[in-house]
Amino acid sequence: MVVGAQRGDEGKVKVVDLLAHKLRHVARFQGGNNAGHTLVVNGVKTILHLIPSGILQAGCVNVIGNGVVVDPGVLVHEIDGLVANGVRVDPERLVVSTEAHVILPWHKALDVARERAAGAGKIGTTGRGIGPAYEDKVGRRGLRVADLLDTAALARHVEQGVAEANRCLVRDYGAEPLVGEAVLGELIALAVRLRPYARSTVRMLHDAVRARTGILFEGAQGTFLDVDHGTSPFVTSSNTVAGGACAGSGVGPTAIDEVVGIAKAYCTRVGSGPVPTELTDALGERLRAVGHEYGATTGRPRRCGWFDAAMVQHAAMVNGLTGIALTKLDVLSGMGELRVGVGYEGLDGVPAGAAALEAARPIYEVLPGWDEDLTGVSSWDALPVNARRYVERIEALTGVPVVLVGTGAGRDEVIVRGGVFAG
Ligand code: IMP
């Protein structure tokens with residue numbers, strides 16, 4: 001399993017891409033098209049929002065599990081885009097759980113309207129309707145993929161859903177109402193496109209567990225965006241931690257062998273919420289420029305800061321990490337002395353919730369930096385001694401071995417140190 005150990009955008013997809021050829025299935029288990037996975041393969045950049053990144057590996061079956069929220073328009077668009085780029089996408093390579101919930105047009109309208117109304121207090125969502133879709137799921141009034149394929153059930157759902165959403169959109173937010181017939185027409189057309197891919201995925205994944213052909217669970221977002229364990233309320237609406245993979249796929253915890261946490265060698269954040277180690281000066285600007293830190297889904301500039309080891313240590317705990325893949329080490333070249341957050345003044349561990357974290361003052365350890373360009377370095381011994389020290393210090397502070405180090409955007413720009421990546 002691969003999960004984000006920080007606040008999303010850790011570079012999970014590159015790690016998934018490295019592992020995918022070793023396993024038959026790649027499964028997503030939470031989130032939706034709020035994720036934006038940028039992949040560079042053979043120099044070509046591809047951004048995936050919903051389809052697991054195993055789709056770029058010829059032998060992989062890609063599963064959108066029951067815990068994902070699926071925007072049917074986005075999924076069809078993503079399939080068409082991949083096919084246009086010569087990628088084979090068919091029901092043997094892509095499967096969508098009939099139990100997954102559907103993001104409907106009013107979820108997106110409500111997400112955007114609420115954020116607008118919240119003004120400065122907004123969460124900074126991606127505006128993709130994620131929160132409202134999960135609200136309907138947990139409220140037991142959502143629409144599942146199976147219902148999308150049943151035109152009579154869909155028509156009833158749309159009639160009621162549009163009427164309710166319009167009351168709220170028009171009365172509470174002064175937004176434009178949705179037109180029921182247009183919404184229904186669009187969804188029926190999308191259902192026709194998605195029908196071949198939809199099936200119950202639980203049995204299929206269990207067969208893979210039994211046959212030991214391997215499943216790679218691909219987490220989206222990161223630990224501190226988890227609805228339970230993140231910096232509430234500045235979180236997404238799903239369980240991004242490792243435990244979420246079981247509920248979101250129907251595979252039990254005893255089947256999971258390894259949990260790799262992906263952490264960037266510094267930290268970033270899109271959207272609102274406290275970032276204790278944030279750099280709002282020229283160094284932060286430099287990280288953003290050198291690391292190309294702009295959201296893959298919304299294009300928003302990411303807030304950048306020093307590596308927060310206290311947070312990653314917390315992530316190690318709540319995810320049961322067996323290894324860390326440390327990405328983008330190359331971005332830290334030429335930064336002068338480096339700082340690593342090792343805790344917060346007067347606090348034991350990471351405070352829960354946004355208000356407490358906002359007030360927390362990080363304690364830093366200063367480490368010597370390096371000037372050498374690390375781009376593409378693929379052996380541990382070829383790293384400057386201070387870069388090795390930096391990685392080893394992160395291991396010591398988090399208590400988890402760094403099994404992979406990223407040194408560039410390309411698939412081969414990594415240093416393999418062990419764990420699931422070796423062999
Ligand atoms: P939502 O998931 O669109 O509701 O957004 C909630 C919060 O999660 C916001 O702060 C978003 O910026 C953040 N978020 C959602 N998806 C991602 C992601 O894939 N990477 C980083 N941040 C994300």
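Both counts, for ligands and for their atoms, begin at 1 and track the order of listing. Since this is a predicted model, take the numbers as computed values, not measurements.
With respect to atom 19 (O) of ligand 1, the closest heavy atom belonging to the protein is A35 CA, 3.3 Å. Among protein heavy atoms, the minimum distance from atom 17 (C) of ligand 1 is reached at Q221 CG, 3.4 Å. Counting only heavy atoms of the protein, atom 7 (C) of ligand 1 lies nearest to V235 O, 3.8 Å.
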For residues 176-193, which side-chain donor-acceptor pairs fall under 3.5 Å, sequence neighbours excluded?
| from | atom 1 | to | atom 2 | distance (Å) |
| --- | --- | --- | --- | --- |
| R193 | NH1 | D80 | OD2 | 3.3 |
| R193 | NH2 | D80 | OD1 | 2.7 |

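Checked by distance only, ligand 1 and L225 stay at 3.5 Å or farther apart across all their nitrogen or oxygen atoms. When only interatomic distances are considered, the shortest N/O to N/O separation between T236 and ligand 1 falls below 3.5 Å. In terms of polar-atom proximity, defined here as any N/O pair under 3.5 Å, S272 makes no such contact with ligand 1. Geometrically, ligand 1 and T125 share no nitrogen or oxygen pair separated by less than 3.5 Å. For the pair G8 and ligand 1, the shortest N or O to N or O distance does not fall below 3.5 Å. Here's the thing with R269: one of its N/O atoms is less than 3.5 angstrom from an N/O atom of ligand 1. Considering both main-chain and side-chain atoms, R128 never comes within under 3.5 Å of ligand 1 through any nitrogen or oxygen pair.
For ligand 1, the atoms sitting less than 4.0 Å from at least one non-hydrogen atom of R7 are 21 (C), 22 (N), numbered in the order shown with element in parentheses. Taking every heavy atom of G124 and a limit of under 4.0 angstrom, the matching atoms of ligand 1 come to 9 (C), 10 (O), 11 (C), 12 (O).
Checked against salt bridge (charged side-chain N to carboxylate O under 4.0 Å, His left out), D111 has no partners two or more places apart in sequence or in another chain.
The shortest distance between side-chain heavy atoms of E365 and R393 falls below 4.5 Å. In this structure the side chain of V209 reaches within 4.5 angstrom of the side chain of I215, judged on heavy atoms.
For NE2 of H206, the number of neighbouring non-hydrogen atoms (other residues, nucleotides, ligands) closer than 6.0 Å is greater than 12.
We find the CD-CG distance between E395 and L326 to be 9.0 Å, quoted to the nearest 0.5 Å.
Nearest-heavy-atom check against atom 3 (O) of ligand 1 across V270, N33, D9, T126 picks out T126.
No salt bridge links E278 with R269; every basic N to acidic carboxylate O contact stays at or beyond 4.0 Å. Using a 4.0 Å cut-off between a side-chain N of Lys or Arg and a carboxylate O of Asp or Glu, E218 and R28 do not qualify as a salt bridge.
Contacts with ligand 1 closer than 4.0 Å are made by no heavy atom of H37, backbone or side chain.
At a cut-off of 3.5 Å, with distance as the only test, a side-chain donor of R300 or T298 sits close to an acceptor on the other residue.
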